[in-house]
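Okay, so here's the structure we're looking at.
Naming convention: chains lettered A, B, ... in sequence-line order (proteins, then strands); numbering from 1 in each chain.
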There are 2 protein chains.
Amino acid sequence: MGVRVATLADVARRAGVSTATASRIINGSSKPVTDELRARVLAAVAELRYVPNAHAQMLARSNRNAVGVLVHDVSDPYFAEITRGLQRVATAHGRLVIICNTFREPARELEYIDLLHAHQVAAIVVAGSGYLSSDDETELHDRMAAFETTGGRIAVIGRHSHTSDAVLPANEEGGFLAGEHLFELGHTAVGVIAGPAALTTTADRLAGLHRAAAAHSRTLTVVHADFTRDGGEAAAAALLAEHPELTAVAALNDSMAVGALAAMRTCGRNLSVVGFDDMPIARDVTPALTSVRLPLTRLGERAMELALTPPPDSTPRAEHIPAELIRRESTWPLPGPR
Amino acid sequence: MGVRVATLADVARRAGVSTATASRIINGSSKPVTDELRARVLAAVAELRYVPNAHAQMLARSNRNAVGVLVHDVSDPYFAEITRGLQRVATAHGRLVIICNTFREPARELEYIDLLHAHQVAAIVVAGSGYLSSDDETELHDRMAAFETTGGRIAVIGRHSHTSDAVLPANEEGGFLAGEHLFELGHTAVGVIAGPAALTTTADRLAGLHRAAAAHSRTLTVVHADFTRDGGEAAAAALLAEHPELTAVAALNDSMAVGALAAMRTCGRNLSVVGFDDMPIARDVTPALTSVRLPLTRLGERAMELALTPPPDSTPRAEHIPAELIRRESTWPLPGPR
DNA sequence: CGGTAACAGGAAAGCGCTTACCTCAAGGTT
DNA sequence: AACCTTGAGGTAAGCGCTTTCCTGTTACCG
């Protein structure tokens, strides 16, 4: 374990130059240097397999090169899409991306903000909806404010903020679109498989659905699940069992919609289903899922762009990303399926 | 931009103590300190919103706390699963995970190895199959060796290595399983939708398939795609058009299998399909996909465990993860579908 | 031919933190 | 009473790198 790592000083010694010269050559500084020395230094670097210590560089230069990303769970396809967008533009800007999984635990979120802060990242992108509990939110805002005080930039996806730039998917409008679609098809008894009640995404999408229902003088039968496929299946099974009158259900994300499809197959019922997010899987299930599309990759890209671009003035920017209904085969007019 | 960040010295000054004391209190060192001072320092920390500079800490302590992960693409469900496993155990060990997307470009892989090396990560996990071009591989081994020389640990997933610990999914056996399954069902004309020819995963799975074919004195019609759903669909369409005699196809991953299903639907044909990896989507498509399961999350977990555990001796460990055939509805005996 | 501008390279001062070592007092020992 | 612990805190030496300022050469000028 007591391995000596080659340092700049080693390289310099070996090449018979000062560390200053070695550093300049290695970093391709503008200072002119003879080819002779350059060659010697480069040779020493190769021989010693020298790799500069990034921490020491950060410290000496005190510039920030990485960006941090907070997501609920990268392996969740929803966040995977967003992350893809984030990565794309971060890499294009030559930034290293540090991804932190919060697993929907506010405490972990706070912890990671500090950790990224400590690592002097240039910016933090917070993806995933906020929490309705204002305790957690204010604590979070506090931490984010502290980070911004040090010159760090923050962009949030899907939660409002009056201090940081935000990219806001049209969750409410999307919910409305989904509801409107079902009611226009003539459905009157509509069930909803919602996400965790504490998340703003759930609240927003639900609000849109309720607005559509109100416009048609209907009410909704809402049941809460956890945004996972299996959770959706269980919730759908319960919903179908207790409410035989339902003819359509809206799931607040595609994973749960897929679960609902499975539940329907199991109990031999056939309701219209509308999903949310239009994830890749939507077109590959049977029936192909009608879904409210949110351009997730774009969401990620825009957020990272905002995070990496200093704001024109000090007022935070907010960018709305519209939702769009993608009609497929899982929804049909009321009188008789198919 | 010229923001002054609070430093330890600021905290110390404000609390009227030396930086040594402040440091000890903040890090909960074992040195005893009066409650009086402790309170003053903690108060100063809170007031100044002090967050220690992680780079300076790394430098001073010269201990490594992060681990790096190289994957082709986190948003690919295959790697998302693996990454989930990696994250789980890394987090359990209190390690920060830095994820790097190589997008299947060997050059980027090299670059990232150096970058992680520079960041003094404790370990690097390389996920994703290797390349058959030995140029890239030797260069890569070089870089990895350099990293290991400095005391860093490396674990690779899915590629052989005689220098580092490796976790090896049973790709060849899996291919054999898939082939055996189809031939036992009586299929004689079997097509294969393979991945990029340059990847060892492709080569290994294909080898297993060929072994099964040979055992039954059959040959395979192989076409190469890119492991994506759309690539699989296109490849399948071409394959079906050119080879009307085929009655079954093996896709070297589930994404392409799903694409193949779509292609079949489009051109109204109905062959048996076997996929690979048993990703979550497999059970939700119609017909539910028969697939060779590789416990991806486990793969990730074991790799991270190896990476975080110093090897008992200096000989690299290799761990095999068995494959298992999951029979569903997409494969049936030859005489007549369904 | 003295003077100076341009060049090549080195010395050393940090960057923010940790920690080995030292100091000073107060209490305990014979 | 002289001596030694022990406790509580400070001093300062780095960790590996960048960069400002300096120094010693050489080349060019009038």
Counting distance only, does the side-chain N/O of B/Thr297 pair as donor-acceptor with the main-chain N or O of B/Ile82 below 3.5 Å? no

Establish, from distance only, whether the side-chain atoms of B/Asn27 and B/Ser23 form a donor-acceptor pair under 3.5 Å. yes

Would B/Asp73 and B/Arg104 pass as an ion pair if we require N to O under 4.0 Å? no

Distances under 3.5 Å only, N/O to N/O: pair up the protein atoms with those of nucleotides 15-19 of chain D.
| residue | atom | partner | partner atom | Å |
| --- | --- | --- | --- | --- |
| D/dC15 | O2 | B/Ala60 | N | 3.3 |
| D/dG16 | N2 | A/Ala56 | O | 3.4 |
| D/dC17 | OP1 | A/Tyr50 | OH | 2.4 |
| D/dC17 | OP1 | A/Asn53 | N | 3.3 |
| D/dC17 | OP2 | A/Leu8 | N | 2.2 |
| D/dT18 | OP1 | A/Asn27 | OD1 | 3.4 |
| D/dT18 | OP1 | A/Asn27 | ND2 | 3.0 |
| D/dT18 | OP1 | A/Gln57 | NE2 | 2.8 |
| D/dT18 | OP1 | A/Arg61 | NH2 | 3.2 |
| D/dT18 | OP2 | A/Ser23 | OG | 2.6 |
| D/dT18 | OP2 | A/Asn27 | ND2 | 3.2 |

Side chains of A/Arg24 and A/Ser18: is there a donor and an acceptor less than 3.5 Å apart? no

Could you give the CG-to-P distance, from B/Asn63 to C/dC17, as a whole number of Å? 15 Å

In whole angstroms, how far is the P atom of C/dA8 from the CZ atom of A/Arg40? 15 Å

Atom CD1 of B/Ile26 and atom C1' of C/dT19: how far apart are they, to the nearest Å? 15 Å

Kindly calculate the angle separating the two end axes of the helix from C/dC1-D/dG30 to C/dT30-D/dA1, each obtained from five base pairs, and round it to 10 degrees. 60°

Assess whether a salt bridge exists between B/Glu81 and B/Arg88, defined as any Lys/Arg side-chain N lying under 4.0 Å from an Asp/Glu carboxylate O. no

Between C/dA8 atom P and A/Arg38 atom CZ, what is the distance in whole Å? 10 Å

Which of parallel (below 30°), tilted (30 to 60°) and perpendicular (above 60°) describes B/His55 and A/His119? perpendicular

Could you tell me the separation between the CG atom of B/Asp35 and the P atom of D/dG7, rounded to a whole number of Å? 16 Å

Check A/Glu305 with A/Arg95, please: is the shortest side-chain N to carboxylate O separation under 4.0 Å? no

Measure from CG on A/Leu37 to P on C/dC7 and round the result to the nearest Å. 17 Å

Are a donor atom and an acceptor atom from the side chains of B/Ser75 and A/Arg84 found within less than 3.5 Å of each other? yes

